[in-house]
Structure formats: structure tokens, C-alpha cells
Amino acid sequence: MLTIRNLSKTYANGVHALNDVSLDIPRGMFGLLGPNGAGKSSLMRTLATLQEADSGSVTLQGADGGTIDVLRDKDAVRRQLGYLPQDFGVYPKVSAEDLLEHFAVLKGLTARKQRREVVDGLLQQVNLWDARKRKLGTFSGGMRQRFGIAQALLGNPRLVIVDEPTAGLDPEERNRFLNLLAEIGENVAVILSTHIVEDVTDLCPTMAIMNKGQVLLTGKPNDAIAAL
Ligand code: ADP
Ligand code: ADP
């Protein structure tokens with residue numbers, strides 16, 4: 001689904017955030033595990049076309065069977081991509097329904113009836129239907145993250161990137177959130193970046209472990225963690 005080859009990035013301060021990263025990311029849930037500072041966010045931002053790499057290549061399989069050059073053809077990638085950043089902020093005074101509709105307009109869903117259908121369907125999918133009229137400032141951390149997923153799913157992406165989504169969630173909210181991700185992963189590629197081992201062992205069939213800008217190993221979670 002996504003092929004990453006020899007990706008490198010050094011920041012202006014001299015930090016080698018990505019050091020010759022190569023990965024093959026399949027459809028389904030893919031876990032990217034690593035401690036703080038490993039380079040996970042740098043990789044996620046690069047894949048989400050929000051940051052330039054210094055060298056390397058990334059290709060995404062398009063819906064039509066062709067390939068997209070992720071580092072160059074940014075508009076094409078953005079049409080296929082959903083992204084939940086680590087620091088996803090919401091407008092506290094706006095209702096979930098209104099903000100999601102606003103994001104839908106930005107995504108180009110201009111036909112009102114179709115937009116309502118998409119927004120309503122997503123609110124149901126992430127289990128926020130009953131809470132749709134509530135202001136986002138009243139939401140729990142887990143509800144905000146589920147809202148973030150609804151936002152990321154606008155536009156039917158083939159690739160969904162979620163960066164450290166479970167940090168700060170209590171166990172029940174975390175489970176609910178991870179189950180939602182697993183459902184989504186049945187249809188699209190989901191990259192889950194996390195520093196929490198259980199996030200990947202619980203539901204990612206394949207994973208990579210990153211540290212200091214490098215991929216240490218990839219494989220099935222139990223094999224990979226046993227090899228550490
Ligand atoms: P992770 O998401 O795994 O915590 P990051 O990609 O955020 O890792 O960070 C990798 C390294 O790059 C860290 O040493 C971090 O301090 C550094 N870094 C991240 N973003 C920047 C930036 N914009 N400018 C300079 N250094 C950065
Ligand atoms: P927390 O305990 O952190 O506040 P909860 O998981 O209890 O979070 O959920 C808080 C709110 O989320 C509930 O009051 C409800 O409005 C909404 N909610 C939770 N589960 C559902 C659901 N299955 N469908 C619709 N809304 C839900």
C-alpha cells in the first residue's frame with residue numbers, strides 16, 4: 001500500500017530525525033512503536049505531506065492501481081489521506097456536528113444533502129451521534145480523539161495516519177478508541193504511531209520499531225518484541 005525507501009531528514013538544529021528509513025506498509029493496522037524522540041512524528045508529518053524530507057522516496061498505491069509519488073504529488077496524496085495529528089486541537093465553543101460539517105466543506109463536499117449524509121454517518125461510526133450537538137469543549141479526551149477520527153475519515157481516505165492517539169486516555173476510552181481504529185483498519189491502511197507497547201500488540205498484525213531516527217525491526221508484534 002505504502003512503500004518508504006531510504007527516507008532521511010535532518011532538522012536545522014542538526015538532529016537526524018529520520019535516518020535512512022525504509023518500510024513497507026500493508027493495508028490494515030500497522031503499528032509504529034518507539035520512545036519519545038524516535039522520529040515517529042517526523043515520519044508521520046512527512047507521509048502526511050506536511051514536512052519535506054531531505055532524501056528518499058515514498059509511493060502510495062492509488063485507488064486506480066497506479067502509484068502516487070507522496071513526496072512530490074502532494075495534492076494527489078491529500079485526496080487519499082486522513083490524518084489525526086498528535087496535537088489535534090478543536091474549537092471548544094463549536095458543536096461536534098457543526099465543526100465536522102465545516103471540515104467537510106473544506107474537503108470539497110459542497111452539496112448540502114450529500115454532506116449531511118456523510119457527516120451523520122461519520123458521527124454514528126465514531127459513536128458521537130448522541131453527543132453531536134454538544135460543544136467540543138465539553139468532550140472527554142476519548143471523545144475528542146473519536147471526533148478527530150471522524151474528521152480524518154472525511155473524503156474516504158485509503159490511508160489513515162494517527163499519531164500517538166491514546167496518550168492521555170483512560171483505559172476504557174483507550175479500548176473504545178482502539179476498537180474503532182481496528183474497524184477502520186478492515187477497509188483502509190491505518191498507521192498507528194505510539195510509544196505504548198500494548199497499543200500495537202493488541203491489534204496490529206504488523207509493526208515496526210523505531211529508535212533514534214532508524215527502523216530497528218519490522219514484523220509481527222510478538223516476534224518483533226521478542227527479538228528486542
Ligand atoms: P517522536 O514522534 O518519536 O517523539 P519526533 O519526530 O517528534 O519523534 O522527534 C524526533 C527528533 O527530532 C527529536 O530529537 C526531536 O527533538 C527532533 N525534532 C522534532 N521536530 C523538530 C523540529 N521541528 N525541529 C528540530 N528538531 C525537531
Ligand atoms: P468519559 O467517561 O471520559 O467522560 P465516556 O466514554 O463516558 O467518557 O463518554 C462520555 C460521553 O460520550 C457520554 O456522556 C455520551 O454522551 C457519549 N457517548 C459515549 N458512548 C457513546 C455511544 N456509544 N454513542 C453515543 N454517544 C456516546
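Start at 1 and go down the list; that is how both ligands and their atoms are numbered.
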### Nearest-contact summary for atom 19 (C) of ligand 1 - protein heavy atom, Å
Tyr11 CE1, 3.5 Å
### Query
Mind checking whether Ala38 has an N or O less than 3.5 Å away from an N or O of ligand 1?
yes
### Check against side-chain contact (heavy atoms from CB on, under 4.5 Å), Gln151 and Leu100
CA-CA 6 Å; Gln151 163 275 133; Leu100 195 57; 4.2 Å; yes
### Summary
Counting from 1 in the order shown, the ligand 1 atoms closer than 4.0 Å to a non-hydrogen atom of Ala17 are 12 (O)
### Query
Does the side chain of Ser193 pick up a donor-acceptor pair with the side chain of Asp163 at under 3.5 Å?
yes
### Task
Give the atoms of ligand 1, by number and element, whose distance to some non-hydrogen atom of Val15 is under 4.0 Å.
11 (C), 12 (O), 14 (O), 17 (C)
### Query
Among the heavy atoms of Arg45, does any lie under 4.0 Å from an atom of ligand 1?
yes
### Task
Pull out every atom of ligand 1 sitting under 4.0 Å from any heavy atom of Asn36, numbered as shown with elements.
4 (O)
### Task
State plainly whether one hydrophobic cluster holds both Val160 and Leu60, where clusters connect Ile, Leu, Val, Met, Phe, Trp and Tyr through side-chain heavy atoms under 4.5 angstrom apart.
no
### Query
Is there any N or O on Gly37 that sits under 3.5 Å from an N or O of ligand 1?
yes
#### Entry: Crowding at NZ, Lys135 (>12 non-hydrogen neighbours, <6.0 Å)
no
#### Entry: Atom indices of ligand 1, in the order listed, that fall short of 4.0 Å to a heavy atom of Ser41
1 (P), 2 (O), 6 (O), 7 (O)
### Message
Using a plain distance cutoff, I'd like to know if Ser42 has any nitrogen or oxygen under 3.5 Å from a nitrogen or oxygen of ligand 1.
### Response
yes
### Query
For atom 23 (N) of ligand 1, is the nearest protein heavy atom under 4.0 Å away?
yes
### Summary
ligand 1 atoms nearer than 4.0 angstrom to some heavy atom of Asn13 are 25 (C), 26 (N)
### Query
Taking atom OH of Tyr91 as the centre, does the number of heavy atoms from other residues, nucleotides or ligands within less than 6.0 Å exceed 12?
no
### Summary
atom 8 (O) of ligand 1 has as its nearest protein heavy atom Gly39 N, 3.0 Å
### Query
Take atom CG in Asn156; do more than 12 heavy atoms of anything else shown fall under 6.0 Å from it?
no
### Query
What atoms in ligand 1 come closer than 4.0 Å to a heavy atom of Pro35?
3 (O)
### Query
Is atom 15 (C) of ligand 1 less than 4.0 angstrom from at least one protein heavy atom?
no
### Task
Kindly indicate whether the side chain of Met143, heavy atoms from C-beta on, has any atom under 4.5 Å from the side chain of Arg134.
yes
### Task
Using the side-chain contact (heavy atoms from CB on, under 4.5 Å) rule, take Leu33 and Thr194 through it: C-alpha gap first, then chi angles, then the decisive distance, then the call.
CA-CA 5 Å; Leu33 180 69; Thr194 181; 4.2 Å; yes
### Query
Going only through I, L, V, M, F, W and Y residues with side-chain contacts under 4.5 Å, is there a path from Met207 to Leu7?
no
